[in-house]
Protein chains: 2
Amino acid sequence: MNQKNVSSTVIRRLPRYYRYLTSLKDLGISSISSKELAKRMNITASQVKQDFAAFGWHGLQGYGYDVSFLHTEIGRILGLDTVRNMIIIGAGSLGHALARHAEFEKKGFKIIGIFDTRSELVGQKVNDLEIMHFDNIEEFLAHNKVDIAALTVPASHAKGVVEYITKLGIKAIWNFVPMKLQTDEDVTIENIHLIDSLLVLGYKIKENANIKDD
Amino acid sequence: MNQKNVSSTVIRRLPRYYRYLTSLKDLGISSISSKELAKRMNITASQVKQDFAAFGWHGLQGYGYDVSFLHTEIGRILGLDTVRNMIIIGAGSLGHALARHAEFEKKGFKIIGIFDTRSELVGQKVNDLEIMHFDNIEEFLAHNKVDIAALTVPASHAKGVVEYITKLGIKAIWNFVPMKLQTDEDVTIENIHLIDSLLVLGYKIKENANIKDD
DNA sequence: TAGATTGTTAATCGATTAACAATC
DNA sequence: TAGATTGTTAATCGATTAACAATC
């Protein structure tokens, strides 16, 4: 039932809506007006109404929107009702941190493998997972359904790794390498550029600029 | 000389320009046209020209822009010519990962302290740094100039920590906690919401949607 | 000089906000 | 019924792209 062609700007706001709706539910609040939700989130009521309308979600005049309904719908849109299998490529400290971050598993992103080329790391345990050698990834992928590969390798290795794993059928990459990955059209990439974010923070400090985002 | 009031959209593109300019320099390329740079970055020449014009940077007709000049200027805008002192609050695996990430120090963000409330962690070493107890942060801040606090504590601790450290004079926070931090106007916050990014990736997979961003 | 490419203005596109009639 | 709040259209705002005269 959810409208196609919802803009990416709106999609990127969904996790934030979801967070607020979760806390409203926890507070036992069962309905909320666009005005009140907007106030809490520090956005405009118009935006709330437009965003929900984009998915065809309706409220009730004089009353507002149903919190549980929105919570469930956004959860569904974001795939929180589905378990995704994820592997981590690059078992450096960032890879370790991702593997240990319990939050991902809670949201349905299950980490089922972690790989590295450094033989001194292979066999070490991270949580319950043994680090595997990258050479074994082909076999692993043959036996396991993997939805997402998180990429935490050095920039110098990224190109080769990406070419290799996409050839093996990986269709979604969560990229922590500070560079633009080149892939086929049908591979989905989501970037986390830590250093870019830190540099922007550096800029903001200097300019004492009021850059407002999320 | 740099224009004030450059929009945050443009600012957020600067780290990416910087990366491309660095690689052009490394290739020994000394000048580049907006058309050629745009092609490499997969954006439009108009955008390149508009972006640079916003800072008052000029090229030469029939020739293009000076790579070294742009590289230096963007570096200066982003504060890469300045050393920033950063502390990490929360010595969990994410805090560890940040402390170990050599890239930050290379870009001038020097990590000078890491704090946690868990006494079993205090005294442990991360790189060259001993984890300090959060109770000692006031004294630490009294003796050290700290430009940025990276926040990698559990969500439940975030509010209290932020109130406390901003009271002690912290003016910039690199926030890894998946919630909106409330602070005074003069505190700069830059968010990394890992889970939001992962959820958007989850959405993209399901929709096979072509959400294009950076 | 001829060709390339800037610098800048105008056109387009998309996202956000405002406004208000419809209606619970 | 009266009041509140939606759903939607129109207005505004900002960002991106196109176009082209100026000029190196």
Side-chain angles (χ1 to χ4, degrees), chain A residues 1-14 16-17 20-21 24 29-70 73-74 200 209-214, chain B residues 1-14 16-17 20-21 24 29-70 73-74 200 209-214:
Chain A
M1 206 58 50
N2 74 69
Q3 249 65 2
K4 200 72 184 73
N5 296 330
V6 177
S7 85
S8 88
T9 329
V10 177
I11 297 296
R12 288 195 178 278
R13 277 195 288 268
L14 291 183
R16 195 145 168 266
Y17 282 122
Y20 277 85
L21 289 164
L24 288 170
I29 296 169
S30 62
S31 77
I32 193 159
S33 68
S34 56
K35 190 178 165 193
E36 173 63 19
L37 181 57
K39 191 181 147 206
R40 286 171 189 250
M41 295 182 65
N42 214 18
I43 57 180
T44 65
S46 284
Q47 186 161 76
V48 171
K49 287 185 280 180
Q50 294 278 28
D51 285 354
F52 293 171
F55 293 99
W57 300 331
H58 294 281
L60 216 56
Q61 280 101 329
Y63 173 82
Y65 296 85
D66 187 275
V67 170
S68 276
F69 171 80
L70 290 175
E73 281 302 304
I74 296 180
V200 171
N210 273 335
I211 297 190
K212 65 161 183 304
D213 322 79
D214 60 335
Chain B
M1 205 58 50
N2 75 69
Q3 249 65 2
K4 201 71 182 74
N5 295 330
V6 177
S7 84
S8 87
T9 328
V10 177
I11 297 296
R12 289 196 177 275
R13 278 196 286 267
L14 290 183
R16 193 145 169 266
Y17 281 123
Y20 277 85
L21 289 163
L24 288 170
I29 295 170
S30 63
S31 76
I32 192 160
S33 68
S34 56
K35 191 179 164 191
E36 172 64 19
L37 181 57
K39 192 180 145 205
R40 286 170 188 250
M41 294 182 67
N42 212 19
I43 57 179
T44 65
S46 284
Q47 187 162 75
V48 171
K49 285 186 281 181
Q50 294 279 30
D51 285 353
F52 293 171
F55 293 98
W57 299 332
H58 295 280
L60 217 56
Q61 279 101 329
Y63 171 83
Y65 296 86
D66 187 276
V67 171
S68 276
F69 171 80
L70 289 174
E73 281 301 304
I74 296 180
V200 171
N210 274 336
I211 296 189
K212 64 162 184 302
D213 322 78
D214 59 334

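The structure presented is a predicted model; accordingly, all values stated were derived computationally and were not measured. Every chain is numbered from 1 and lettered A, B, ... according to where its sequence line falls, protein lines coming before strand lines.
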**Request:** Spell out yes or no: do the side chain of A:Q50 and the base of C:dT16 have one donor N/O and one acceptor N/O closer than 3.5 Å?
**Result:**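 Side chain to base: no pair present.
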**Prompt:** Considering only heavy atoms and no angle criterion, is a donor-acceptor pair shorter than 3.5 Å present between the side chain of B:T9 and the base of D:dA15?
**Reply:**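 Result: no qualifying N/O pair found.
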What is the distance, rounded to the nearest whole Å, between atom [atom1] of [X] and atom [atom2] of [N]?
| X | N | atom1 | atom2 | result |
| --- | --- | --- | --- | --- |
| B:I32 | C:dA4 | CD1 | C1' | 15 Å |
| A:K49 | D:dT9 | NZ | P | 13 Å |
| B:R12 | D:dT16 | CZ | P | 13 Å |
| B:D66 | C:dT5 | CG | C1' | 15 Å |
| B:F52 | C:dT5 | CZ | C1' | 14 Å |
| B:L70 | C:dT6 | CG | C1' | 13 Å |
| B:K35 | D:dA18 | NZ | P | 13 Å |
| B:N5 | D:dA15 | CG | P | 12 Å |

**Request:** Give me the ring orientation class for A:W57 and A:F69: parallel if the planes are under 30° apart, tilted from 30 to 60°, perpendicular past 60°.
**Result:**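 The rings of A:W57 and A:F69 stand perpendicular, inter-plane angle above 60°.
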**Message:** Would you call the rings of B:Y17 and B:F52 parallel, tilted or perpendicular, taking 30° and 60° as the class edges?
**Reply:**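 Correct class here is tilted.
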Verify the contact: side-chain N or O of [X] to OP1 or OP2 of [N], cut-off strictly under 4.0 Å; return yes or no.
| X | N | result |
| --- | --- | --- |
| A:Q47 | C:dT16 | yes |
| A:H58 | D:dT6 | no |
| A:T44 | C:dA18 | no |
| B:R13 | D:dT16 | yes |
| A:Y65 | D:dG7 | yes |

**Message:** Categorize A:S46 for me: base, sugar-phosphate, or nothing, with a 4.0 angstrom heavy-atom threshold over every strand shown.
**Reply:**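 Base, at least one base heavy atom under 4.0 Å.
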**Item:** A:A38 to A:A45 - nearest heavy-atom pair and separation
**Value:**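 Smallest interatomic distance, heavy atoms only, reads CB-N, 3.4 Å.
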**Asked** Does any non-hydrogen side-chain atom of A:Q47 lie less than 4.5 Å from one of A:M41?
**Response**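 With C-beta onward as the side chain, the pair stays apart.
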**Item:** Side chain to side chain, B:K49 and B:Y65, heavy atoms closer than 4.5 Å
**Value:**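 Result yes, sub-4.5 Å side-chain heavy-atom pair found.
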**Asked** Does C:dT5 have a Watson-Crick or wobble partner in any strand here, with both distances under 3.5 angstrom, and which is it?
**Response**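 Check on C:dT5: paired to D:dA22, both distances under 3.5 Å.
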**Message:** Side chain of A:Q61, heavy atoms from C-beta onward: which of D:dT6, D:dA15, D:dA22 has the nearest atom to it?
**Reply:**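 So the nucleotide nearest the side chain must be D:dT6.
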